[in-house]
Number of protein chains: 2
Amino acid sequence: MSTIKDVAREAGVSISTVSFAINGTAPVAPETKKRIFETIERLNYQPNSAARGLVTRKSNNIGIFVPHPDSSIFTFSGNQLFANLLQGIGEVAGEKGYNLLLAWDRPDKEKPSKVIELARSGSVDGLLFLIPNHDHTIIDQLIEIKFPFVFMGNHYSDKPVDSVDIDNFQASYECASHLLKLGHKRIAFISPGPLDFLVSEDRYEGYSSALKDAYIEPDERLFYVGDDSKASGYRAMEHFFASGESPSAIVAGRDVQAVGILKYAKERGMDIPRDIAVVSFENSQLAEMYDITSYSTDLYVIGNNAAKMLFKLISRKKERQPQNVVIPSELFVRGSCGSVSRNDPLS
Amino acid sequence: MSTIKDVAREAGVSISTVSFAINGTAPVAPETKKRIFETIERLNYQPNSAARGLVTRKSNNIGIFVPHPDSSIFTFSGNQLFANLLQGIGEVAGEKGYNLLLAWDRPDKEKPSKVIELARSGSVDGLLFLIPNHDHTIIDQLIEIKFPFVFMGNHYSDKPVDSVDIDNFQASYECASHLLKLGHKRIAFISPGPLDFLVSEDRYEGYSSALKDAYIEPDERLFYVGDDSKASGYRAMEHFFASGESPSAIVAGRDVQAVGILKYAKERGMDIPRDIAVVSFENSQLAEMYDITSYSTDLYVIGNNAAKMLFKLISRKKERQPQNVVIPSELFVRGSCGSVSRNDPLS
DNA sequence: CTGAAAGCGCTAACAC
DNA sequence: GTGTTAGCGCTTTCAG
């Protein structure tokens with residue numbers, strides 16, 4: 001592997017001139033520049049990233065911190081979504097000449113967090129978080145060392161943390177309102193994940209606010225904690241119909257849950273949307289596939305904005321108030337909620 | 001951020017002793033060692049990766065080269081699969097203290113490949129490839145500079161390249177044979193992707209060999225080039241049934257195609273498996289969901305083996321013959337092929 | 001067992 | 001415009 005020294009020697013200039021030519025950090029005579037670039041080409045020279053990083057104090061990597069791939073949340077309950085996110089991030093990273101370091105935490109909580117290690121060792125210049133809940137241990141440490149990071153699909157109200165997310169409260173409020181407008185009174189709610197996920201909390205509050213604004217008290221029998229499985233949607237239905245207070249509509253937490261609901265309905269000979277109206281979140285391929293009304297959560301846009309924000313943080317000198325960017329999103333009305341005609345679930 | 005110097009000063013030893021203690025590269029008195037580690041803890045010291053990389057000539061990163069996330073192949077036509085792969089790779093990388101650098105190529109072919117840049121700049125110590133076809137430009141360069149890399153889900157017969165994959169010829173042969181054994185004579189084939197994907201070629205050859213071994217000549221009217229969409233399965237059916245030679249069974253290239261086939265059949269009132277038997281590949285969640293007989297392609301195992309192989313290459317001093325590791329896989333028989341009873345597609 | 005010192009490849013003053 | 005040179009933080013001989 002050739003070094004900057006080799007290039008300098010071969011081109012008959014000093015190493016600083018080569019460096020200036022490569023980085024544009026000082027004017028170099030066109031003639032000289034040409035000679036240098038020819039030599040670089042000929043020697044297949046590529047600056048050593050470690051050497052460069054050592055002096056610039058930049059790794060040119062940004063870390064993306066995701067849940068452990070073993071954990072089912074990693075799939076985000078629909079394919080394509082993670083690809084969308086990566087693309088959104090990758091586009092801006094690529095522009096800036098940055099690479100993406102993918103990391104998740106060790107299963108054992110004994111060792112220090114991988115994130116902190118990456119930050120402290122200078123392996124990454126900033127971090128993008130895609131975790132559903134709040135890990136204060138990590139956050140506090142990052143804030144303390146003033147390390148740049150942005151949360152995606154999650155936000156903090158009690159700590160100065162930058163984030164990009166949709167407005168889950170509003171989204172859920174609209175979903176419930178849509179069903180209320182269609183005349184439903186007994187509307188059930190399935191959380192997208194465990195209750196300690198911020199998204200679960202926000203969505204529940206949006207849902208219950210909508211009901212309350214319509215003078216309907218949320219019924220705890222019509223509440224179910226879901227997860228990212230089809231089965232949880234199915235089980236939610238079992239739960240609701242065993243509770244004695246059968247719902248006429250459901251706000252599901254994820255498209256995949258809605259599919260479970262559809263299955264339950266089909267088995268019981270219930271018609272969607274006549275007997276049960278369904279509204280969900282994600283607006284994924286599943287929603288299209290099964291003709292489910294669903295509220296979009298565009299991960300491409302979220303990733304894109306989060307990355308842009310992170311780069312601002314990385315290059316910023318002076319402190320600044322953290323921002324919580326809200327990505328506009330909307331309800332995609334399909335057959336499952338009864339306001340438009342319903343297609344076959346297999347179409 | 002504290003450096004090794006700070007630790008040395010605070011612990012009252014020289015920096016080399018600190019280095020020895022951290023890396024275990026020389027014996028250090030237990031007493032001294034204890035003092036050093038306490039200081040490290042207190043200062044939150046973490047060795048700078050660039051400085052370390054500069055002298056050790058290791059980045060402790062391995063690159064995973066994937067298709068551009070914009071391209072639909074990125075999704076591998078089923079969720080979870082990419083997560084499985086990452087987990088397989090991540091487990092062995094984590095053990096070795098390596099991080100994962102995710103990269104894909106720029107859409108414009110003008111600039112030099114990102115891969116080569118990563119390799120030459122020392123940003124990664126090895127590369128794992130997850131691309132469906134053969135890019136000789138890149139391969140040749142990597143071979144020339146003796147850079148360690150392994151192909152996943154793909155292999156080379158004409159170049160000395162290490163790879164980990166299932167035996168697609170064999171898999172496809174078995175799929176077709178299974179249908180032949182059930183008495184089918186008119187068996188159609190849908191490729192999993194474009195014909196320049198090696199996997200498409202291998203699968204077609206496996207399929208046609210099985211037919212020929214049963215004295216059946218593959219009918220070109222029963223051949224269709226699919227992709228990773230449900231629609232391509234649907235269109236394949238339109239094609240087959242318009243061709244004048246309706247098939248009684250299909251070897252689909254991907255589970256998602258099989259779903260498209262199911263849709264077509266349902267719309268036309270055809271019964272699966274009575275009117276059309278379907279066998280597919282991937283054995284993904286879709287296959288389970290829709291009760292599709294499918295041949296497994298376990299990405300966890302592929303990733304795991306590829307990573308292990310790559311680390312062997314990285315640490316190896318002397319040259320060695322490239323290996324093509326074949327991961328055992330098998331046909332998961334479900335309702336769609338007619339040899340077991342069929343469940344409802346929504347279960 | 002521990003310390004002194006060279007040097008990895010590069011950037012960025014600073015001279016000229 | 002270009003060259004000289006001092007480090008960046010670490011590992012690793014080599015002495016002692």
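Each chain gets a letter, A, B and so on, in the order its sequence line appears, and its residues count up from 1.
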J.: I want to verify a distance call: between dG7(D), dT2(C), dC10(D), whose nearest atom is closest to the Val55(A) side chain?
T.: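 Among dG7(D), dT2(C), dC10(D), the one nearest the side chain of Val55(A) is dG7(D).
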J.: Would you kindly say whether Tyr156(A) and Asn324(A) are connected by a side-chain donor-acceptor distance under 3.5 Å?
T.: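 There is no such pair between these side chains.
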J.: Quick one: is Ser19(B) getting a side-chain N or O under 4.0 Å of the dT11(D) phosphate, OP1 or OP2?
T.: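 It does, given that an N or O in the side chain of Ser19(B) lies less than 4.0 Å from OP1 or OP2 of dT11(D).
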J.: When the distance from CD1 of Ile15(A) to C1' of dA6(D) is rounded to whole Å, what number comes out?
T.: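 In whole Å, dA6(D) C1' lies 11 Å from Ile15(A) CD1.
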J.: In whole angstrom, give the distance that lies between atom CD1 of Ile22(B) and atom P of dT11(D).
T.: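 It works out to 6 Å between those atoms.
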J.: Quick one: are the ring centres of Phe65(A) and Phe149(A) less than 6.0 Å apart?
T.: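 No, too far apart.
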J.: With a 4.5 Å heavy-atom cut-off, do Phe129(B) and Ile64(B) have their side chains touching?
T.: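 Contact flag for Phe129(B)/Ile64(B) side chains = no.
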J.: Could you check which of dC10(C), dG9(C), dC10(D) has an atom nearest any side-chain atom of Arg52(B)?
T.: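 Within the option list, the nearest is dC10(D).
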J.: Between N or O atoms, less than 3.5 Å apart, protein on one side and nucleotides 13-16 of chain D on the other: list the pairs.
T.:
none

J.: Please check: side-chain N/O of Ser19(B) versus main-chain N/O of Ile15(B), any donor-acceptor pairing under 3.5 Å?
T.: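 Such a contact is absent between Ser19(B) side chain and Ile15(B) backbone.
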J.: What nucleotide, of dC10(D), dG9(D), dT2(C), holds the atom closest to the side chain of Leu54(B)?
T.: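 Looking only at side-chain atoms, Leu54(B) lies closest to dG9(D).
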J.: Quick check: are there more than 12 heavy atoms from other residues, nucleotides or ligands sitting under 6.0 Å from NZ of Lys5(A)?
T.: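 At most 12 heavy atoms, drawn from other residues, nucleotides or ligands, come within 6.0 Å of this atom.
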J.: Do we see a donor-acceptor contact under 3.5 Å between the side chains of Thr137(B) and Asp135(B)?
T.: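 The criterion, which ignores hydrogens and geometry beyond distance, is satisfied for Asp135(B) and Thr137(B).
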J.: Return the value, rounded to whole Å, for the distance between atom NZ of Lys34(A) and atom P of dG1(D).
T.: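 From Lys34(A) NZ to dG1(D) P: 17 Å.
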J.: Side chain of Arg57(B): nearest nucleotide among dC10(C), dG9(C), dT4(D)?
T.: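 For Arg57(B), the side-chain atoms sit closest to dG9(C).
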J.: Whole angstroms only, please: what is the CZ-P distance between Arg9(A) and dG9(C)?
T.: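 Distance, rounded to whole Å: 12 Å.
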J.: What integer distance in Å separates Lys58(A):NZ from dA12(C):P?
T.: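 Atom-to-atom, Lys58(A) to dA12(C), this comes out as 12 Å.
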J.: What is the distance, to the nearest angstrom, from the CG atom on Asn60(A) to the P atom on dG9(C)?
T.: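 After rounding, the gap between these two atoms is 19 Å.
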J.: Grab the NZ-C1' distance between Lys33(B) and dC1(C) for me, whole Å please.
T.: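 Those two atoms, NZ and C1', are 11 Å apart.
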J.: Side chain of Thr17(A) only, please: which of dT2(D), dT11(D), dC8(D) is the nearest?
T.: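 The listed nucleotide nearest to Thr17(A)'s side chain is dT2(D).
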J.: To the nearest Å, how far apart are Asp6(A) CG and dC10(C) C1'?
T.: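 Distance check: Asp6(A) CG to dC10(C) C1' gives 13 Å.
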J.: Could you tell me whether a side-chain N or O of Asp125(B) sits under 3.5 Å from a main-chain N or O of Ser59(B), the two making a donor and an acceptor?
T.: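 At least one qualifying donor-acceptor pair exists.
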J.: Let's see if you can work this out: which of dT11(D), dT2(C), dG9(C) has an atom nearest to the side-chain heavy atoms of Thr3(A)?
T.: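 The answer is dG9(C), which lies nearest to the side chain.
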J.: Can you sort out which residues in residues 39-51 of chain A have a heavy atom within less than 4.0 Å of DNA chain D? Ascending by number, please.
T.: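 Going residue by residue through residues 39-51 of chain A, none turns out to have a heavy atom under 4.0 Å of DNA chain D.
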J.: Give a yes or no on whether Lys114(B) atom NZ has more than 12 heavy-atom contacts from other residues, nucleotides or ligands under 6.0 Å away.
T.: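 Yes, because the 6.0 Å sphere around NZ of Lys114(B) holds more than 12 heavy atoms from other groups.
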J.: Okay, side chain of Asn304(A), backbone of Gly88(A): is any donor-acceptor separation there less than 3.5 Å?
T.: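 Yes, the answer is positive, given that a donor and an acceptor are paired below the 3.5 Å cut-off.
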J.: Mind checking whether Ile62(A) and Asn99(A) have side chains closer than 4.5 Å, heavy atoms only?
T.: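 SC-SC contact between Ile62(A) and Asn99(A) ruled out.
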J.: Determine: side-chain N/O of Thr32(A) to OP1/OP2 of dT2(D), distance under 4.0 Å, yes or no.
T.: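 The answer is yes; a side-chain N or O of Thr32(A) sits under 4.0 Å from OP1 or OP2.
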